[in-house]
There are 2 protein chains.
Amino acid sequence: MGRWEPDAAERLRLAARDLFVEQGFEETTVAQIAERAGLTPRTFFRYYPDKREVLFAGSDQLEEAMAAAARATAPEATAWDAVAAALTAGATMIGGSRAWSRQRQDMLLDHADLQGRELTKLARLATILAGVLRERGVADVEAELVAEAALTVFRLGFAAWLEEPGDRTLAEVIGERLDLLRRL
Amino acid sequence: MGRWEPDAAERLRLAARDLFVEQGFEETTVAQIAERAGLTPRTFFRYYPDKREVLFAGSDQLEEAMAAAARATAPEATAWDAVAAALTAGATMIGGSRAWSRQRQDMLLDHADLQGRELTKLARLATILAGVLRERGVADVEAELVAEAALTVFRLGFAAWLEEPGDRTLAEVIGERLDLLRRL
DNA sequence: CCTCCTGATGTCATGGTGTGACATCACTGT
DNA sequence: ACAGTGATGTCACACCATGACATCAGGAGG
């Protein structure tokens with residue numbers, strides 16, 4: 001079993017990412033992405049439902065990791081503790097490559113479509129976390145509120161972390177904000 | 001001065017709304033909207049930057065009303081009180097036609113694009129409210145958190161209100177949730 | 001009354017997105 | 001060798017969105 005050959009989805013993802021960075025999102029066409037990946041446009045749409053989605057590959061793993069972390073907390077932990085664990089897991093998972101995250105964020109910021117898609121993904125994540133909380137016996141409305149509030153903290157903390165010059169870790173920035181919210 | 005003639009933007013908006021309800025969002029083409037309004041597709045795009053945007057006409061007024069309400073609170077009121085006032089103002093403004101709101105919400109729910117756009121508008125609103133809070137001397141991070149949390153309450157309360165069979169007012173449902181969050 | 005200007009709309013042309021239907025080709029098991 | 005299966009290509013198409021330019025109605029001012 002030799003070195004790993006990137007499959008089509010991965011080749012497309014990398015080609016797209018590179019082109020987006022080189023030329024911008026709007027300026028890059030699906031045809032270009034496909035060509036760089038050695039494929040046809042038609043094939044691109046077999047792997048990604050649309051051009052934007054290629055920027056959100058891997059969001060499933062993030063969801064699963066965060067949900068798992070929440071589920072893994074002690075049964076007697078509070079709702080806040082459970083979501084805090086999820087946030088930490090998520091922060092660790094994406095807190096690695098700040099450079100790419102910044103480029104990606106810039107793209108999102110000037111394309112309402114992309115920003116909207118990101119927010120939709122986060123809303124989905126909030127729904128999942130709320131489900132985990134309900135499994136643990138938290139009342140419906142409270143579960144929703146806590147999960148959504150946590151994801152808001154995640155989002156704001158992430159944005160702030162991207163702006164920061166220092167080298168604090170993403171988990172730190174988010175943890176700080178979560179504490180602040182709970183004390184408000 | 002006779003009866004008011006709806007201008008082009010309004011005719012397009014109504015035509016679009018009707019067609020969306022009749023046939024669904026995807027199934028409705030810009031050409032159909034324009035035709036029903038007695039105009040050309042090209043003209044549609046002179047009034048709305050894209051097909052989705054027609055569902056968000058009037059969001060500016062909502063922003064202004066809510067920001068004004070927050071600004072109008074007593075200077076010694078807390079950040080929570082200020083956003084609560086904004087939420088009430090917003091709830092009053094859109095709490096009228098539940099029927100149309102439900103149809104609109106259904107459309108949003110099965111089109112990620114539309115839902116994303118809605119979330120983007122709300123994020124924008126949160127930013128505006130955070131600005132108002134900062135004007136009142138609230139610290140940056142706290143202003144962001146409170147504003148975003150409030151908008152989350154608004155969104156969740158709105159969704160819950162749409163589901164409810166009873167006849168509680170939107171402002172009540174939202175107020176209840178805001179209290180709950182503050183007590184968490 | 002005519003003319004000029006301006007704003008709103010129409011016409012035409014075009015590039016890009018996304019999808020259905022069908023063909024092709026490589027690989028796999030038997 | 002062969003049939004089946006999955007991945008990819010080819011072709012055709014509808015729709016979205018936008019630039020460039022034409023047209024037309026109505027008001028301002030001579």
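Naming: A, B, ... by sequence-line order, numbering from 1 per chain. Heavy-atom basis, side chains included; hydrogens, waters and symmetry copies ignored.
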Chemist: Is the side chain of A:Arg177 donor-acceptor paired with the backbone N or O of A:Val153 at a distance under 3.5 Å, no angle test?
Modeler: no

Chemist: One thing to verify: whether A:Arg136 and A:Asp81 come together as a salt bridge, which I'm taking to mean a side-chain N less than 4.0 angstrom from a carboxylate O.
Modeler: no

Chemist: Does A:Arg52 put a side-chain nitrogen or oxygen below 4.0 Å from OP1 or OP2 of C:dG18?
Modeler: yes

Chemist: Check every strand shown and say whether B:Tyr47 touches a base, only sugar-phosphate, or nothing at a heavy-atom separation below 4.0 Å.
Modeler: sugar-phosphate

Chemist: Using a cut-off of strictly less than 4.0 Å, decide whether B:Thr29 has a side-chain nitrogen or oxygen near OP1 or OP2 of D:dC16.
Modeler: yes

Chemist: How close or far is atom C1' of D:dT18 from atom NZ of B:Lys51, stated in whole angstroms?
Modeler: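 To the nearest whole Å, that distance equals 17 Å.
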
Chemist: Report yes if at least one side-chain N or O of B:Thr43 is closer than 4.0 Å to OP1 or OP2 of C:dG10; otherwise report no.
Modeler: yes

Chemist: Do the side chains of A:Glu53 and A:Lys121 get close enough for a salt bridge, i.e. N-O under 4.0 angstrom?
Modeler: yes

Chemist: In this structure, how many angstroms lie between the C1' atom of C:dG10 and the CG atom of B:Leu12, rounded?
Modeler: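 Answer to the nearest Å: 14 Å.
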
Chemist: Is any side-chain nitrogen or oxygen of A:Arg46 closer than 4.0 Å to OP1 or OP2 of C:dG20?
Modeler: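 False: A:Arg46 side-chain N/O out of range (4.0 Å or more) of C:dG20 OP1/OP2.
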
Chemist: Rounded to whole Å, how long is the line connecting atom CD of B:Glu27 with atom P of C:dT19?
Modeler: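 It works out to 13 Å between those atoms.
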
Chemist: Of the nucleotides D:dA20, C:dT9, C:dG20, which has the atom closest to the B:Thr40 side chain?
Modeler: C:dT9

Chemist: Check whether the side chains of A:Arg124 and A:Ser59 place a donor and an acceptor atom closer than 3.5 Å, and report yes or no.
Modeler: no

Chemist: Given that A:Ala8 and B:Ala31 both sit by DNA chain D, which one's nearest nucleotide is further toward the 5' end?
Modeler: A:Ala8

Chemist: May I have the distance from B:Asp50 (atom CG) to C:dG16 (atom P), rounded to whole angstrom?
Modeler: 19 Å

Chemist: Where the side chain of A:Arg42 is defined as all heavy atoms beyond and including C-beta, which of C:dT19, C:dG18, D:dC16 is the nearest nucleotide?
Modeler: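 The answer is C:dT19.
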
Chemist: With distance as the sole test, does B:Thr40 use its side chain to make a donor-acceptor pair with the main-chain N or O of B:Arg42 at under 3.5 Å?
Modeler: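 Answer holds: no.
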
Chemist: Please report the distance, rounded to the nearest Å, between CD in B:Gln32 and P in D:dC15.
Modeler: 8 Å

Chemist: At under 4.0 Å between heavy atoms, what does A:Pro49 touch on the DNA or RNA strands: base, sugar-phosphate, or nothing?
Modeler: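 Sugar-phosphate, backbone atoms only, no base.
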
Chemist: I need the CZ-P distance between A:Phe45 and D:dA14, as an integer number of Å.
Modeler: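 From A:Phe45 CZ to D:dA14 P: 18 Å.
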
Chemist: Rounded off to whole Å, could you give me the CG-to-P distance for the A:Asp7 and D:dG6 pair?
Modeler: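 Taking atom P of D:dG6 as the reference, CG of A:Asp7 is at 17 Å.
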
Chemist: Quick one: B:Ile33 CD1 to D:dC16 P, roughly how many Å, whole number?
Modeler: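 Spelled out: CD1 on B:Ile33 to P on D:dC16 is 8 Å.
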
